[in-house]
2 protein chains.
Amino acid sequence: MSSSALPYRPHNHQACVAQALADARTICQQHNARLTPTRERVLELIWQSHKPLGAYDVLAVLAEDGHNAAPPTVYRALDFLQQYGLVHRIASLNAFTGCTHAGKSHNGMFLICRSCGNVLELTAPAVSSALHRAAAEESFRPEDVTIEVSGYCPRCASDDAHG
Amino acid sequence: MSSSALPYRPHNHQACVAQALADARTICQQHNARLTPTRERVLELIWQSHKPLGAYDVLAVLAEDGHNAAPPTVYRALDFLQQYGLVHRIASLNAFTGCTHAGKSHNGMFLICRSCGNVLELTAPAVSSALHRAAAEESFRPEDVTIEVSGYCPRCASDDAHG
DNA sequence: TTGCTAATGTTATAATGTTGCAAATTCCGC
DNA sequence: GCGGAATTTGCAACATTATAACATTAGCAA
Ligand SMILES: [Zn+2]
Ligand SMILES: [Zn+2]
Ligand SMILES: [Zn+2]
Ligand SMILES: [Zn+2]
């Protein structure tokens, strides 16, 4: 599975993307879902960017492709990809990022660097379980959990004095 | 301090609102910040609603007030109120809710009912500390944490079969 | 008063996301 | 292959959320 869990370090990102697409094809097959060309292209674009892409960013690249797409095309593709856990929407950014744990069930949490914009998705079982306990104490039944942490990544924090 | 921590039960909400406004005045005085009529009115409106209000919802009520306001007026007031911790923005809803722990430093987390729309803000130290540990393991320095849990509140979960 | 700063008004526009329906494509049983 | 159902896409218009830019006013102090 594609686990470029460290976007901080340079690496052969084309390989990440290729792996993510391969994974996506497998996952869609398993669910009898159709990873159509548009959907695959959108997933590819999102993966190619290390930073979350807005829907209209995707739209712009599709336009460069020569694909005369309108917003619904992109949003529909994104809905599909989210549905199968291939991308996540970052609510605090109105943007989308490729899931680095696609296929595995996971409780994602996002570390978003204010300086460089990179996003790291991690699975934090301790956070997740503490959160579910807290919800249970209120007799609340969670269906969907959003955890987004804005701050400074190691590289940017050391670069200079942000605080 | 205004702690209508249980929006589930009926109660004298006007008292909550009055208390929240009184607290806000105190907090602003302490910071030499001006809680102008517009800002105070926006805070009041947000508190009066048990459910998070969108900026344009606020705008609509201001219009009913006879206040001929434009979007920037509302967004500025909301920015101010956020700055002093009097309201929170719920990213997953694009809406604002009164802070039930204004003045105290707190790591909020929001339980959002999909059915009735009520929002409960809680302080969950266990979640917060687990989260900071997870971030620290990645050498990430958190500045702002968003935790929003969508699901079913006790009342709505028992009402009928959501699952 | 005068001058400075914070706050507000005003207009326009940007950015993000949705609805509704028609056309095309794909799937599937025949 | 063929025909009908279901899914997917194209397309136009629209709705919602948020900001930019600049003029004006209110608060405050020398
Ligand atoms: Zn994920
Ligand atoms: Zn960074
Ligand atoms: Zn709060
Ligand atoms: Zn409820």
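From a predicted model like this one, the values you see are computed outputs, not experimental measurements. Chain letters run A, B, ... following the sequence lines, proteins first and then strands; every chain starts at 1.
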Trainee: Pairs under 3.5 angstrom only: tabulate donor-acceptor contacts from the side chains of residues 51-65 of chain B to other protein residues two or more places apart or in another chain.
Mentor:
from: B:K51; atom 1: NZ; to: B:C116; atom 2: O; distance (Å): 3.1
from: B:D57; atom 1: OD2; to: B:G54; atom 2: N; distance (Å): 2.9
from: B:D65; atom 1: OD1; to: B:R41; atom 2: NH2; distance (Å): 2.9
from: B:D65; atom 1: OD2; to: B:R41; atom 2: NE; distance (Å): 2.5
from: B:D65; atom 1: OD2; to: B:R41; atom 2: NH2; distance (Å): 3.1

Trainee: Sequence neighbours excluded, which residues qualify as side chain to side chain donor-acceptor pair (under 3.5 Å) partners of B:R114?
Mentor: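 Applying side chain to side chain donor-acceptor pair (under 3.5 Å) to B:R114 gives B:S150.
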
Trainee: Rounding to 10°, can you tell me the angle the first-five-pair axis of the helix from C:dT1-D:dA30 to C:dC30-D:dG1 makes with its last-five-pair axis?
Mentor: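 For the helix from C:dT1-D:dA30 to C:dC30-D:dG1, the axes at opposite ends meet at about 30°.
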
Trainee: Residues in side chain to side chain contact (heavy atoms under 4.5 Å, CB included) with A:N12, at least two apart?
Mentor: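 A:N12: side chain to side chain contact (heavy atoms under 4.5 Å, CB included) contacts with A:Q14, A:A15.
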
Trainee: Heavy atoms of chain B, cut-off under 4.0 Å: which first and last nucleotide of DNA chain D, 5' to 3', fall inside that, if you could look?
Mentor: D:dT17 to D:dG27

Trainee: Which comes earlier along DNA chain D counting from the 5' end, the contact point of A:A70 or that of A:F80, where each point is its nearest nucleotide?
Mentor: A:F80

Trainee: Please list, chain by chain and in numerical order, all residues satisfying side chain to side chain donor-acceptor pair (under 3.5 Å) with B:S92, sequence neighbours excluded.
Mentor: B:E148

Trainee: Sequence neighbours excluded, which residues qualify as ring pair (Phe, Tyr, Trp, His ring centres under 6.0 Å) partners of A:H132?
Mentor: none

Trainee: Using the test side chain to side chain contact (heavy atoms under 4.5 Å, CB included), find all partners of B:Q83 that sit at least two apart in sequence or belong to another chain.
Mentor: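 Expected list: none.
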
Trainee: What residues, two or more places apart in sequence or in another chain, satisfy side chain to side chain donor-acceptor pair (under 3.5 Å) together with A:S139?
Mentor: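 Result, side chain to side chain donor-acceptor pair (under 3.5 Å) vs A:S139: none returned.
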
Trainee: I need the B:R89 CZ to B:D79 CG distance, nearest 0.5 Å.
Mentor: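 So the CZ of B:R89 and the CG of B:D79 are separated by 10.0 Å.
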
Trainee: Enumerate donor-acceptor pairs with a distance under 3.5 Å from any side-chain N or O in residues 24-32 of chain B to protein atoms, sequence neighbours excluded.
Mentor:
from: B:R25; atom 1: NH1; to: B:E40; atom 2: OE2; distance (Å): 2.5
from: B:T26; atom 1: OG1; to: B:A22; atom 2: O; distance (Å): 3.1
from: B:H31; atom 1: ND1; to: B:I27; atom 2: O; distance (Å): 2.8

Trainee: Encode nucleotides 16-30 of chain C as B, S and - characters from 5' to 3', where the letter depends on protein heavy atoms closer than 4.0 Å: B to the base, S only to sugar-phosphate, - to neither.
Mentor: BBBBB-----S----

Trainee: Kindly write out the residues that satisfy side chain to side chain donor-acceptor pair (under 3.5 Å) with B:S129, not counting sequence neighbours, or none if the list is empty.
Mentor: none

